[in-house]
Amino acid sequence: MATLIKHVRIVNAHGSQEGDLLVRDGVFAKVGGSIAPCEGDDVIDGSGLCALPGLVDIHVHLRDPGQTRKEDILTGCEAAKAGGVTSLFCMPNTMPAVDTPDIVAYIKEKAATTGVKVYPITAITHGITGDGCCDYAALQAAGAAALSDDGRPVENDEMLLNALCEGQRLGLPVTCHCEDLKQAAGGKVHEAVAETLGVKGISSSSEYGDIDRTVRLAERVGAPVHICHVSTKESIDIIRQAKARGVKVTCETAPHYFVYTCEKVLSRDADYRMNPPLREEADRLAVIQGLLDGTIDAIATDHAPHTPEEKANFTAAPNGVVGMETSLAATFTFLRGKLSLEDIVKVMSYNPANIMGIEGGIIETGRTADFVLFDPEQTWTVNPERLHGKSRNAVFKGETLTGQVKATYCSGKLVFHV
Ligand code: DOR
Ligand code: ZN
């Protein structure tokens with residue numbers, strides 16, 4: 001059986017068209033124009049809707065194995081589908097960390113039934129401790145799709161250089177959480193609001209100083225590197241300059257960094273605490289500028305579930321916010337008039353697929369039919385109790401957003417609808 005969506009706006013990174021979309025045997029069978037239905041086709045009226053390539057979220061914490069009170073692979077994938085995410089890369093800072101082929105196999109097996117394409121990122125160093133490099137070829141053979149010590153920087157230059165070189169040799173992207181731990185240790189919020197709140201601050205330089213080091217190491221060996229969650233104006237300047245020098249650097253930000261500033265944490269609500277933290281207005285504007293001029297290649301969520309109990313105490317709470325169910329609508333709502341829907345597809349689907357070297361990010365005849373039906377007019381209010389993931393630490397809670405994911409299709413199969 002085939003699915004025929006009539007009168008839909010088909011949006012790709014490099015242009016849109018009005019027309020029909022036919023999906024058969026898990027792939028886009030025909031894209032655009034007027035398509036007559038065949039006997040037995042499931043015909044959907046797509047009037048007023050946009051068909052977008054499924055989102056590719058390259059920074060997700062699924063917490064499985066080991067912290068399944070926060071999230072597990074199945075609930076994380078439900079959240080993904082509700083947010084229009086059809087491919088995701090999960091970070092290895094689980095318990096234990098994803099640093100052996102067995103754990104990679106566990107993730108792949110558990111994810112196999114979800115419909116979502118789950119790509120495991122494996123640790124750069126054993127247990128994400130900085131204590132020696134993992135066996136990347138063995139991890140890749142088990143299904144590792146990229147390397148990261150996310151949650152922590154790789155402090156040792158030799159180890160980071162080894163990962164960059166080995167990653168390049170094996171074709172495994174290396175994604176770096178950049179942070180100077182000597183500066184940032186014990187920090188709770190951005191430095192500008194730390195004194196008011198009576199807690200230790202996290203300086204901008206703890207982020208951009210380590211981005212500078214990371215980019216220079218990549219430059220030295222001519223290897224590609226991807227920088228996670230950039231949040232400061234200086235970070236963006238460093239990456240812009242590195243790109244201009246020809247360094248193979250890409251980077252991502254997350255929606256909260258272009259929507260909010262550190263003013264939000266003055267409420268002492270830990271649902272606005274993440275690492276890196278919400279910064280200042282000049283940083284927020286620089287993030288938007290970075291998206292506009294292409295310095296920032298991707299929007300990822302850094303979906304980081306924590307339980308309500310863990311988030312109850314402002315200073316004791318762990319860092320992180322959930323975001324997969326709100327990322328598209330939040331980006332559409334807050335960047336309207338700046339980024340077109342085509343631009344949004346580029347930074348949330350097309351570019352992330354390219355950075356990670358996977359299929360996806362494009363609606364084209366013959367390609368796997370991972371896509372979203374998005375209603376750009378529908379407004380809705382974010383209610384953490386109605387999220388599909390396990391945790392409730394939604395950074396956009398209470399916001400009324402414009403634009404809603406009406407349906408998500410993975411390999412041609414309807415996996416979510418409102
Ligand atoms: O806010 C964050 N949460 N930043 C990180 O680097 C780690 C993540 C997590 O695992 O909760
Ligand atoms: Zn991180």
Side-chain angles (χ1 to χ4, degrees), residues 57-73 76 79 88-98 120-125 127-130 146-155 160 173-181 183-190 202 206-208 210-211 214 225-232 235 251-257 260 262 264-265 269-279 298-311 314-324 327 389-396:
D57 192 340
I58 60 179
H59 194 141
V60 176
H61 297 272
L62 291 180
R63 307 296 191 211
D64 191 353
Q67 295 180 308
T68 53
R69 63 185 191 283
K70 299 174 193 256
E71 192 80 283
D72 64 45
I73 290 167
L88 67 84
F89 286 74
C90 56
M91 285 298 177
N93 63 336
T94 48
M95 281 183 169
V98 188
I121 303 183
T122 58
I124 291 174
T125 66
I128 316 190
T129 59
L147 307 174
S148 185
D149 267 5
D150 183 58
R152 291 178 61 86
V154 178
E155 292 183 284
L160 185 49
V174 178
T175 88
C176 290
H177 168 120
C178 294
E179 181 177 10
D180 180 339
L181 294 179
Q183 278 188 55
K188 302 290 179 188
V189 297
H190 178 57
I202 303 172
S206 66
E207 174 181 317
Y208 70 74
D210 200 44
I211 291 179
T214 302
V225 68
H226 177 80
I227 309 295
C228 294
H229 43 53
V230 301
S231 71
T232 80
S235 305
C251 71
E252 77 198 24
T253 191
H256 37 270
Y257 299 119
Y260 293 143
C262 53
K264 272 287 191 194
V265 289
D269 181 342
D271 287 347
Y272 299 111
R273 274 197 43 227
M274 73 292 291
N275 187 26
L278 297 172
R279 305 283 189 184
I299 296 172
T301 60
D302 198 357
H303 179 87
H306 295 291
T307 66
E309 295 73 35
E310 291 169 311
K311 279 294 197 180
F314 178 64
T315 46
N319 290 309
V321 299
V322 293
M324 275 197 288
S327 60
K390 260 186 208 175
S391 290
R392 300 284 164 259
N393 51 322
V395 71
F396 295 117

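When a ligand or atom number is given, it counts from 1 through the structure's own listing order.
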What is the nearest protein non-hydrogen atom to [atom], stated with its residue, atom name and distance?
{"atom": "atom 9 (C) of ligand 1", "value": "Arg63 NH2, 3.4 Å"}
{"atom": "atom 8 (C) of ligand 1", "value": "His61 NE2, 3.7 Å"}
{"atom": "atom 5 (C) of ligand 1", "value": "Asn275 O, 3.6 Å"}
{"atom": "atom 3 (N) of ligand 1", "value": "Asn319 O, 3.1 Å"}
{"atom": "atom 6 (O) of ligand 1", "value": "His177 CE1, 3.0 Å"}

Distance-only donor-acceptor check, side chains [X] and [Y], under 3.5 Å:
{"X": "Ser231", "Y": "Arg279", "result": "yes"}
{"X": "His256", "Y": "Asp302", "result": "no"}
{"X": "Asp57", "Y": "His303", "result": "no"}

Residue part near ligand 1, for Val321, under 4.0 Å between non-hydrogen atoms: neither
Heteroatom N/O/S of His229 within less than 2.8 Å of the Zn ion (ligand 2): yes
Metal check, the Zn ion (ligand 2) vs Asp150 N/O/S, cut-off below 2.8 Å: yes
Criterion side-chain contact (heavy atoms from CB on, under 4.5 Å) against Leu62, the qualifying member of Thr68, Ile73, Asp72: Ile73
Report the relative orientation of the aromatic rings in His229 and His59; use parallel for angles under 30°, tilted for 30 to 60°, perpendicular for over 60°. tilted
Is Arg69 salt-bridged to Glu309, going by a charged N under 4.0 Å from an acidic O? no
Step by step, work out the side chain to side chain contact (heavy atoms under 4.5 Å, CB included) result for Met324 and Val60. CA-CA 8 Å; Met324 275 197 288; Val60 176; 3.7 Å; yes
I want to check something: taking the side chain as every heavy atom from C-beta on, are Val265 and Arg273 in contact at a cut-off of under 4.5 Å? yes
What N, O or S atom of His177 is found closest to the Zn ion (ligand 2)? ND1
As an exercise, identify every atom of ligand 1 less than 4.0 angstrom from a heavy atom of His306. 11 (O)
Counting from 1 in the order shown, the ligand 1 atoms closer than 4.0 Å to a non-hydrogen atom of Met274 are 1 (O)
Is there a heavy atom in Pro318 that sits closer than 4.0 Å to ligand 1? no
